[in-house]
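Scroll down for the structure; my scribbles are underneath it.
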Amino acid sequence: MNAVTVTPLQLRPMRAGDLRAIMEIEPRAYTYYWSEGIFRDCLRVGYSCWVLTSRSTGELIGYGVMSLAVGECHVLNLTVRPERQGQGFGRYLLGTLLDIARDRHAETVFLEVRPSNAPAVGLYRSLGFNEVGLRKRYYPADRGREDALVLALQL
């Protein structure tokens, strides 16, 4: 039995008050991470920003940010707290975000992912995402820049 089935979860809209907990997670999850200002801007402009918490403890387990416009959704950030990765929370979070995108009439979902992020690439492919492009030198890397795979899913 995985943690998702034994941990009662709550997905709710992200609030400015969540940013302290998010900024405790973000630099531990990524070498090149979003700043608090980026999250604040996403909230300010009305992106679809969500947090996944444990109902019983209130622990912030993960979060996601999407932009939705004209039948398209772009997943901009999908993060699970490092110590909770590999337990099904990312799959649950992304699946729920895809449901929100469907409810808001998105027809196609796009995202970028580092090819070196094998767990994320595996998750996205297992949910039906297909590679539709490559953004050369998209991500900062320890040595220069890393390409991004552009993946898409038809809803």
Side-chain angles (χ1 to χ4, degrees), residues 1-69 72-130 138-140 146 148-155:
M1 186 179 284
N2 68 37
V4 171
T5 59
V6 297
T7 302
L9 301 173
Q10 176 186 24
L11 187 78
R12 62 166 175 76
M14 184 185 293
R15 303 182 288 253
D18 296 316
L19 294 180
R20 183 175 183 175
I22 287 169
M23 292 314 301
E24 185 272 323
I25 296 167
E26 186 77 1
R28 291 189 307 111
Y30 304 107
T31 302
Y32 301 95
Y33 54 90
W34 281 18
S35 68
E36 183 174 330
I38 293 171
F39 284 102
R40 284 192 186 284
D41 287 345
C42 289
L43 289 168
R44 183 180 50 79
V45 300
Y47 284 173
S48 187
C49 303
W50 299 88
V51 295
L52 180 67
T53 62
S54 165
R55 259 187 219 282
S56 56
T57 66
E59 174 192 29
L60 197 149
I61 296 168
Y63 45 90
V65 177
M66 307 182 291
S67 66
L68 292 149
E72 289 186 1
C73 171
H74 197 126
V75 176
L76 303 169
N77 187 313
L78 181 75
T79 303
V80 171
R81 158 184 302 276
E83 59 274 17
R84 297 294 222 138
Q85 292 175 4
Q87 299 174 34
F89 292 111
R91 179 175 302 278
Y92 178 86
L93 178 57
L94 181 56
T96 307
L97 294 178
L98 295 175
D99 289 342
I100 292 166
R102 276 186 203 91
D103 289 348
R104 295 188 182 172
H105 310 291
E107 298 168 5
T108 308
V109 178
F110 295 96
L111 58 81
E112 288 86 20
V113 63
R114 289 177 186 267
S116 62
N117 188 346
V121 171
L123 170 64
Y124 300 142
R125 291 193 182 194
S126 76
L127 290 172
F129 281 85
N130 295 299
Y138 185 77
Y139 289 112
E146 182 176 358
L149 300 176
V150 180
L151 304 182
L153 174 70
Q154 296 299 312
L155 295 179

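Just so it is clear, the structure is predicted and the values come from calculations on it, not from any experiment.
The residues E59 and R84 are annotated as salt-bridged, a charged nitrogen and a carboxylate oxygen being separated by less than 4.0 angstrom.
In this model, a donor atom of one side chain and an acceptor atom of the other lie less than 3.5 Å apart for Q154 and T108. Y30 and T79 share a side-chain donor-acceptor pair at under 3.5 Å. Between the side chains of E26 and Y63, at least one donor-acceptor pair of N or O atoms lies under 3.5 Å. Side chains of S126 and R91: a donor-acceptor N/O pair is present below 3.5 angstrom, by distance only.
In this structure, Y124 OH and L151 CG are separated by 8.0 Å, a value rounded to the nearest 0.5 Å. To the nearest 0.5 Å, the span separating CG on N130 from CG on L149 amounts to 12.0 Å. Between Y47 atom OH and F39 atom CZ the span is 13.0 Å, to the nearest 0.5 Å. Taken to the nearest 0.5 Å, the CG atom of L60 stands 6.5 Å off from the CZ atom of R81. Atoms OH and CG, from Y92 and L11 in turn, are 6.5 Å apart once rounded to the nearest 0.5 Å. Of the inter-residue distances, the one linking S35 atom OG with D41 atom CG reads 7.5 Å to the nearest 0.5 angstrom.
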**Report entry** Residue pair W34, I22: steps toward the side-chain contact (heavy atoms from CB on, under 4.5 Å) verdict
**Finding:** CA-CA 10 Å; W34 281 18; I22 287 169; over 6 Å; no
Report task. Carefully, step by step, assess E146 and Y138 under the rule side-chain contact (heavy atoms from CB on, under 4.5 Å). Result -> CA-CA 6 Å; E146 182 176 358; Y138 185 77; over 6 Å; no
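Around atom CZ of R12, more than 12 heavy atoms belonging to other residues, nucleotides or ligands sit under 6.0 Å away. The environment of Y33 atom OH is sparse: at most 12 non-hydrogen atoms of other residues, nucleotides or ligands sit within 6.0 angstrom.
Contact detail for V121 and R114: the closest heavy-atom pair is CG2-O, 3.7 Å. Pairing each heavy atom of A120 with each of V113, the nearest pair is CB-CG2, 3.8 Å. Heavy-atom minimum distance, A106 versus C73: CB-CB, 4.0 Å. Minimum interatomic distance between L97 and G64 (heavy atoms only, all atoms of both residues): CD1-CA, 4.0 Å. Heavy-atom minimum distance, I25 versus P82: CG2-CD, 4.1 Å. What you find for L93 and G62 is that their closest heavy atoms are CD2-C, 4.1 Å.
Using a 4.5 Å heavy-atom cutoff, the side chains of M14 and L43 are in contact. By the 4.5 Å heavy-atom criterion applied to side chains, F110 and H74 are counted as neighbours. Contact check for I100 versus S48: side-chain heavy atoms found under the 4.5 Å cut-off. Inter-residue side-chain proximity for F129 and L123 is flagged as unmet; no heavy-atom pair is nearer than 4.5 Å. Between L9 and L52 there is a side-chain heavy-atom pair separated by less than 4.5 Å. A 4.5 Å side-chain heavy-atom check between V75 and S67 finds every atom pair outside the cut-off. For the pair L155 and E107, the minimum side-chain heavy-atom distance is 4.5 Å or more. No side-chain heavy atom of P119 sits under 4.5 Å from any side-chain heavy atom of Q85.
R28 pairs by the side chain to side chain donor-acceptor pair (under 3.5 Å) definition with E24, E83, not counting sequence neighbours. Partners of R104 by salt bridge (Lys or Arg N to Asp or Glu O under 4.0 Å), not counting sequence neighbours: none found.
Not one N or O on the side chain of Y139 forms a donor-acceptor pair closer than 3.5 Å with the backbone of Y32.
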